[in-house]
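Here's the structure we're looking at; comments come further down.
Side chains are part of it too, since the values below use all heavy atoms of this structure and drop only hydrogens, waters and symmetry mates. Proteins get letters first, then strands, A, B, ... in listed order; numbering begins at 1 in each. What you see is a predicted model; the values in this text were computed from it and never measured.
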Amino acid sequence: MKKIMNDATQIVTEMVDGMALSYPEYVKRLDDLLVLVRSQEESMTNKVGLITGGGTGHEPASAGYIGEGMLSAVVCGQIFSSPTPDQILAAIQTADHGKGVFMIIMNYSGDIMNFDMAREMAVMDDIDVRFIVVDDDIAVEDSTYTQGRRGVAGTVLMEKILGAAADSGASLSEIEALAKQVLPNLKTIGVALSAATVPEVGKPGFTLAEDEVEYGVGIHSEPGYRREEMQPSAKLAEELLARLNDEFNFTPEDHYAVLVNGMGATPLMEQFVFMRDVLNQLADFGVQADFTKVGNFMTSLDMAGVSLTLLKLREDQWLKQLNYPVNTIAMVRK
Amino acid sequence: MKKIMNDATQIVTEMVDGMALSYPEYVKRLDDLLVLVRSQEESMTNKVGLITGGGTGHEPASAGYIGEGMLSAVVCGQIFSSPTPDQILAAIQTADHGKGVFMIIMNYSGDIMNFDMAREMAVMDDIDVRFIVVDDDIAVEDSTYTQGRRGVAGTVLMEKILGAAADSGASLSEIEALAKQVLPNLKTIGVALSAATVPEVGKPGFTLAEDEVEYGVGIHSEPGYRREEMQPSAKLAEELLARLNDEFNFTPEDHYAVLVNGMGATPLMEQFVFMRDVLNQLADFGVQADFTKVGNFMTSLDMAGVSLTLLKLREDQWLKQLNYPVNTIAMVRK
Amino acid sequence: MLTVETIAQWMNGWTKDIKANKGYLNELDSVIGDGDHGSNLARGADAIEAALLTAPDDVPSTFKAVAMAIVSKVGGASGALYGTAFLEMYKESQRTTDMVKILDKAMKAMEKRGDSKPGEKTMLDVWEPVVKAAKRGNVTPIVIDDAVESTKDMKATKGRASYVGEKSIGHLDPGAVSSGYLFHNLFEVGLVG
Amino acid sequence: MLTVETIAQWMNGWTKDIKANKGYLNELDSVIGDGDHGSNLARGADAIEAALLTAPDDVPSTFKAVAMAIVSKVGGASGALYGTAFLEMYKESQRTTDMVKILDKAMKAMEKRGDSKPGEKTMLDVWEPVVKAAKRGNVTPIVIDDAVESTKDMKATKGRASYVGEKSIGHLDPGAVSSGYLFHNLFEVGLVG
Ligand SMILES: Nc1ncnc2c1ncn2[C@@H]1O[C@H](COP(=O)(O)OP(=O)(O)O)[C@@H](O)[C@H]1O
Ligand SMILES: Nc1ncnc2c1ncn2[C@@H]1O[C@H](COP(=O)(O)OP(=O)(O)O)[C@@H](O)[C@H]1O
Ligand SMILES: [Mg+2]
Ligand SMILES: [Mg+2]
Ligand SMILES: [Mg+2]
Ligand SMILES: [Mg+2]
């Protein structure tokens, strides 16, 4: 393992400082906590606060999405490890501007439990806190016998939509209702070419042969559903779209938002080649892609691979919210 | 080598198509050429056209910087290979809106010669074409015995500044003068943890041991000036800043723009840790960092490493131009 | 007897075991989870030791100090679960000094927090039989070890291990192992038997 | 004699050599440059062959067809240099049919384009001695090979190879080797001697 860092145990703290030092116009660090909050306080006045968090190692998610039109604060856990409730509570307190706070939680048991503890504490402070648990990763079977599906790159689209709603003055209940409406229409599936190496661990989460890929891998090197020989980009797109089609049942004239997300070590060049194949194949299904984005949005350290997220645009409003002005480190739209 | 692609010989064409399909609001492809041009034609009326290009494999550079406030068109060569003059000529023709065209060329002999041929052809079409050759990489000795220094990540800051000037209505001569003023104040130096693998070649340009880094490597796996044991981030920052200090001779109250650029496979987390060390050390020199950016701006396929660019802000205007509104795929600022 | 000192002894034994087995707990977790259980708890162990250096006044505040150390340092599922357990011990110890009752309440709080019950291959599969035995007064090292071992053949349906499904069978649950350490030390200081 | 046919023969011999040695040229380039000289020229070779399939009417348009094929397909330094050379041959062949004069003009255009002169470890180190020999009428395969070999001991001061500086000594220049093929084929069709 070769990584640009000083001390594996301090990497998260140093990253948080690095973000605050590099982008003071967007984020500032909360005291000694691993919490980053929006610098432009005025932009939050009288609005519902929107927070998220979880283990780090997914940069620019989530702190890169703090700013006008998106998140109010983000709690950074250790790498791939849920943050602690005291830190989440601090984020809730700072994000509350009298209209309550909405938490976007990715479906990992550690995150759920820690955000839940924080919510209980916040309630004692008389802060109204609601939440959604994002579980867009269709690779994991959704049954009562598992923890349910994981939250992955689709979370970024959820944050974008809810951020737009919050900025437009939606109430906490409206945001909660919107999140619940969007969630079942948000699905992601990924493919890995190599696993991530957690600095404190020092070796990759799993090993793939030089000619192997694994479908359905999570963003913490969780195992996927199938390992096979590396395929051309168009075949990878076919496989991932087939899985998504099982969920959505593509129908001509369906409208979708499409997000191709790089896992960290995969160059943009490859991501664009992949997106080309995805869009061509979606066109063959007769499906409309109204919103398209390509890039590293929700990474997994130095993992190589991509994920494909589709959001079925059931409401015209959602597309408007995706295109709503936003001003964050990693996503800006006029 | 494992890459998401269909055919190594078609990867550039497919990437160009992918960009145009994913971001039609920003770029469109010119006929069958490997030229991407700005979609918002109105935004170029009566303005000097700004083009660049070169080998691909540096995404988001350069097509990711096409748009209002930055580039008019970009010519995409094969990977790490200069584009051909006929394609450059087409870019010049499309970028010309009666005020002439300015070419930002990175200092590689192939690029210089091909852009020069295209310029000669354009002159026959009565298009006024001027250019700057960016050579910000201080790793290579600048003497009459070499081709001179290479153009690397600093090019993005040059594009930003000139783009702002062009958008504000500067004339071709004004832009040329500005480019010449900025150039000697723009310096970059990089460090590699691993080399890039060109798809058609199939193996990395060089190999570093598990505990080695190489200072001064170019963005095409050109050799650097020293190979040594991997160092902590703060030590890497120290080495690169020492080299930059040799050039700039840091003086308290100097003002700089600072760009930390990921080479492709290096996670943002590591880049932020590195930027933290850079900014802390610059502060120790008493130097002011007025503009700071961290991310993958000028990559080298799947190379791991970072480069550090400093632009000495001799004119207040340059900072304003860096902060001037821009709307491109990879850089947006309100 | 439940005192500031016995709790401190209990905790110091536990943190020593955690730190000595940090790598082992990580390894267990890397087979069926994400490989950080040892690192997570080691952070907590340091914090617990630091918190207990300035001895708290009474039993409840001792539990609270431990709970706060865990809550603010461990993170992950285990941080929430052990944190919840010790927060509950803090609350319950204000009402009773009966360690068995206190453990029982703590376990119930954990079940609620984790939305889980014994049989799902978690630390609860150690808590449940040990607390049951404590009620009857027959906790032994063997009871504890058997409970830990029992998770080996279970299929995980909660936590990260649930993602590997069938493949979790045949491996110990890391949280069960760390709870095993907790109870061995509790037994050694004589707070259960 | 300079005709559409002899040029086509010359070119077809050259493109065959380029394609047969694509890997070798890449290898040479990867030692002191960026490893693509063979791939660059192979793209051009295909384009030249395609362009010559529909035989042009006269000598200038034959040179022009070759130039355009190179200009639009090769890229890199060599694309600009060979493209410039053949564009100049196109222009000059409108004035003369003297191949030596044509080559001399082409070489001068290349020097201008590359801002370089012989001795800098480039293809010009083949062009210069061969054109000189052609003026005297004593081009032989040995003259060509010696010119190619002469680049081995030079230090590169132009092109990508200049980045490796001293380390370029001891290796052939890839562009010199591909120009060697060019002149061997020119000699074989009898256009120089
Ligand atoms: N829902 C749950 N209920 C009870 N215990 C759980 C639950 N989820 C996880 N655990 C326990 O937590 C342990 C994992 O802890 P740890 O690795 O520290 O956290 P994380 O899973 O967040 O990385 C598991 O071995 C299991 O014993
Ligand atoms: N300035 C120059 N003048 C003359 N020849 C040059 C110059 N720069 C490069 N060359 C020639 O071009 C060859 C490299 O061509 P090629 O590898 O195809 O292009 P690139 O260097 O752009 O990758 C070198 O071996 C050398 O002979
Ligand atoms: Mg974890
Ligand atoms: Mg090249
Ligand atoms: Mg774990
Ligand atoms: Mg080359």
Select one option (side chain, backbone, both, neither) describing which atoms of A:Pro85 are under 4.5 Å from chain C's heavy atoms.
both
A:Ser109 and C:Arg160 have their tightest heavy-atom pair at OG-N, 4.1 Å
So, the part of A:Ser221 with a heavy atom under 4.5 Å from chain C: the answer is neither
With a sphere of 6.0 Å drawn around CG of C:Leu53, does it hold more than 12 non-hydrogen atoms of other residues, nucleotides or ligands?
yes
Show the nearest heavy-atom pair for residues A:Met113 and C:Gly114, with the distance to one decimal.
SD-CA, 3.8 Å
Heavy-atom distance under 4.5 Å to chain A: side chain of C:Asn26, backbone, both or neither?
neither
Inspect the surroundings of CZ in A:Phe131 and state if more than 12 heavy atoms from other residues, nucleotides or ligands are less than 6.0 Å away.
no
Kindly give the heavy-atom pair with the smallest separation between A:Asn114 and C:Gly76, and that separation in Å.
ND2-O, 2.8 Å
Between C:Leu87 and A:Met117, is the side-chain contact (heavy atoms from CB on, under 4.5 Å) condition met? List the steps.
CA-CA 11 Å; C:Leu87 274 178; A:Met117 285 183 81; 3.8 Å; yes
Where is the tightest heavy-atom contact between C:Gly75 and A:Thr84, given as atom of each residue plus distance?
N-CG2, 3.3 Å
Please lay out, stage by stage, how C:Ser30 and A:Val201 fare under the test side-chain contact (heavy atoms from CB on, under 4.5 Å).
CA-CA 10 Å; C:Ser30 67; A:Val201 177; over 6 Å; no
For C:Lys105, does the NZ atom have more than 12 heavy-atom neighbours from other residues, nucleotides or ligands under 6.0 Å away?
no
Atom group of C:Val74 that falls short of 4.5 Å from chain A, counting heavy atoms:
backbone
Using a 4.5 angstrom heavy-atom cutoff, name the option from C:Ala77, C:Gly23, C:Ser72, C:Ala161 with the most pairs to chain A.
C:Ser72
Which value, rounded to the nearest 0.5 Å, describes the distance between C:Arg43 atom CZ and A:Thr9 atom OG1?
9.5 Å
Proximity breakdown for A:Asn107 and chain C, heavy-atom pairs closer than 4.5 Å:
backbone
Please check if the number of heavy atoms outside C:Lys112 that lie under 6.0 Å from its NZ is greater than 12.
no
Can you tell which part of C:Ser78 gets under 4.5 Å to a heavy atom of chain A, answering side chain, backbone, both or neither?
neither
Which one, C:Gly83, C:Gly159, C:Gly165, C:Gly79, leads in non-hydrogen pairs under 4.5 Å with chain A?
C:Gly159
More than 12 heavy atoms from other groups under 6.0 Å of NZ on A:Lys187:
yes
Relative to chain C, which of A:Gln78, A:Gln87, A:Arg150 shows the most heavy atom pairs under 4.5 Å?
A:Arg150
Within a 6.0 Å radius of atom NZ on A:Lys2, are there more than 12 heavy atoms belonging to other residues, nucleotides or ligands?
yes
